[in-house]
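One structure is given below, encoded as structure tokens.
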Amino acid sequence: MLKYTLRRLLGMIPMLFLISIVVFTLAKLMPGDSLSGEIDPNNTDPTYIAEMREQLGYNDPVYKQYFRWINDFAHGDFGKSVRYKIPASDIILERLPNTVFLGITSILITYICAFAMGTFAGRKPYTIGDHFIGGANYLGLALPSFVAGVFAIYIFAFYLGWFPSNGSVDISVPEGTLGWWASRFHHVLLPALVLGLLSTANYTQFLRNDIIENSRKDFVRTARAKGTPERKIYNQHIMRNSIIPLITFLGFDIVAIVGGAIITETIFTYPGIGQLFLSSVTTRDYSVLMTLTMMFSFLTLFGNLVADILYGIVDPRIRMD
């Protein structure tokens, strides 16, 4: 298992190298000139522009520009934001805690709701409650996150007034106090509900179907024949076998959070890295855009790695020496 994990980690290096080439190429193909954000917009002197272009290396061949960028990137120098005029790493580190907080909250909502609904539907299949949960799941699978977000803001923020519609914290509350943390949770709850509940459908259906399948297996019939109480059969024989595979989904959750956060944070004007990514696209903030794209790619590869490792831990049959 250790060798398999090391091989997967080493396999990520050429993948990240290829992704970096794609990211750099796409950034170069984007409309506009990144130099426009580096120079004084009030100085239109052609001599000044030519000197700055030469000084910043924009006249170098593309491959030299790429290797300079990837070398700086590997050493932790992600460049300077042309919009905020500060290092890109500072902006990302400022927004990252909000996205992590949103992601953890949405994962907790997903697992709690999926466990409750999946267990009920699995233990009482083909009942009214099971059909109701199934219908809610199909609605969650069919509803795009941006549509759910807009409806959630209209109903729970504007109409009912239960949640704020934007921001990550109330600026009037002193930082670090209990009220400040309560305000942060209040602001993150609505986008986390949208992000988490839409992911619940897959988990619920998986758990329901697995419980039904396990309840028909020989070891369950043997336990019933021995007179084992039904509650003990579900808790110790069926649930234990049905819940473990759900743990392997944790790796894919990391990938889902990355994709979902971009849309959800933008709709809720939640200041995380997802919103920062879209704003860097629209403002052509190349340094931030390229750094975030590389970061999202790494998280996607890391999420798949975590999922594979968890699969190997849960099911030793798929381990590779």
Side-chain angles (χ1 to χ4, degrees), residues 6 8-43 48-103 168 254-255 257-259 261-262 265-266 270-306:
L6 288 174
R8 288 299 310 272
L9 282 171
L10 292 175
M12 288 171 62
I13 295 175
M15 288 293 295
L16 287 172
F17 177 68
L18 292 174
I19 290 171
S20 70
I21 295 175
V22 174
V23 169
F24 183 82
T25 305
L26 291 176
K28 283 293 177 186
L29 292 176
M30 284 181 70
D33 192 340
S34 55
L35 179 73
S36 58
E38 302 275 3
I39 61 176
D40 181 3
N42 297 318
N43 193 343
Y48 164 74
I49 295 174
E51 287 176 354
M52 288 300 295
R53 185 174 287 278
E54 182 67 27
Q55 181 181 335
L56 293 171
Y58 286 100
N59 291 332
D60 293 342
V62 175
Y63 72 89
K64 281 190 176 180
Q65 295 183 42
Y66 166 75
F67 282 112
R68 183 167 57 240
W69 169 69
I70 200 67
N71 181 60
D72 293 342
F73 193 91
H75 286 86
D77 182 4
F78 305 140
K80 187 178 176 182
S81 168
V82 296
R83 181 186 180 191
Y84 299 99
K85 308 300 181 188
I86 58 175
S89 56
D90 291 352
I91 304 170
I92 294 171
L93 286 176
E94 182 185 343
R95 302 285 192 97
L96 189 60
N98 287 336
T99 299
V100 173
F101 189 40
L102 172 63
S168 63
I254 297 173
V255 182
I257 286 171
V258 170
I262 294 174
E265 288 180 1
T266 303
Y270 187 78
I273 57 173
Q275 189 202 33
L276 179 64
F277 177 79
L278 273 188
S279 67
S280 65
V281 172
T282 55
T283 57
R284 298 168 187 167
D285 198 343
Y286 293 95
S287 299
V288 176
L289 176 62
M290 293 164 75
T291 305
L292 285 176
T293 306
M294 288 298 297
M295 193 173 118
F296 291 156
S297 302
F298 172 77
L299 287 174
T300 302
L301 293 174
F302 179 74
N304 289 324
L305 173 67
V306 171

Check: I262 and Q275 side chains under 4.5 Å, non-hydrogen atoms: no

I want to check something: taking the side chain as every heavy atom from C-beta on, are T282 and L278 in contact at a cut-off of under 4.5 Å? no

Going from OG1 on T300 to CE on M295, what distance comes out if it is rounded to the nearest 0.5 angstrom? 10.5 Å

Here the gap from T283 atom OG1 to L276 atom CG, rounded to the nearest 0.5 Å, amounts to 8.5 Å

Working to the nearest 0.5 Å, report the span between CD1 of I70 and CE of M294. 5.0 Å

Donor-acceptor contact below 3.5 Å, side chain D72 vs main chain D77: no

Which word best sums up how the rings of Y63 and F67 line up, parallel for under 30°, tilted for 30 to 60°, or perpendicular for over 60°? perpendicular

Keeping the roles fixed (side chain from S287, backbone from K80), state whether a donor-acceptor pair exists under 3.5 Å. yes

Look only at the side chain of R95 and the backbone of I273, and say whether a donor-acceptor pair between them is shorter than 3.5 Å. no

Which distance, rounded to the nearest 0.5 Å, do you find between the CG of L16 and the CG of L301? 5.5 Å

Heavy-atom side-chain contact between F277 and T293 under 4.5 Å: yes

Tightest non-hydrogen contact, residues P97 and L93, listed as CD-O, 3.0 Å

Hey, could you give me the CD1/CZ distance between I19 and F296, rounded to the nearest 0.5 Å? 13.0 Å

Tell me, do Y66 and T25 make a side-chain contact under 4.5 Å, heavy atoms counted? no

One should read off an interatomic distance between I86 CD1 and S81 OG, to the nearest 0.5 angstrom, of 6.5 Å

Between F101 and S168, is any pair of side-chain heavy atoms under 4.5 Å apart? no

Can you check whether F24 reaches Q65 side chain to side chain, under 4.5 Å on heavy atoms? yes

Heavy-atom nearest pair, S20 first then W69, reads O-CZ3, 3.7 Å

Looking only at side-chain N and O atoms, does T99 offer a donor or acceptor that is under 3.5 Å from a partner on Y270? no

With side chains defined as the heavy atoms from C-beta onward, is the minimum distance between F73 and M290 less than 4.5 Å? no

Just by modelled atom types, is the G274 backbone N or O under 3.5 Å from a matching donor or acceptor in the E265 side chain? yes

Do Y286 and S280 have side chains that approach each other closer than 4.5 Å (heavy atoms only, starting at C-beta)? no

Might you point out which heavy atoms bring N98 and P271 nearest each other, and give the distance in Å? ND2-O, 2.8 Å

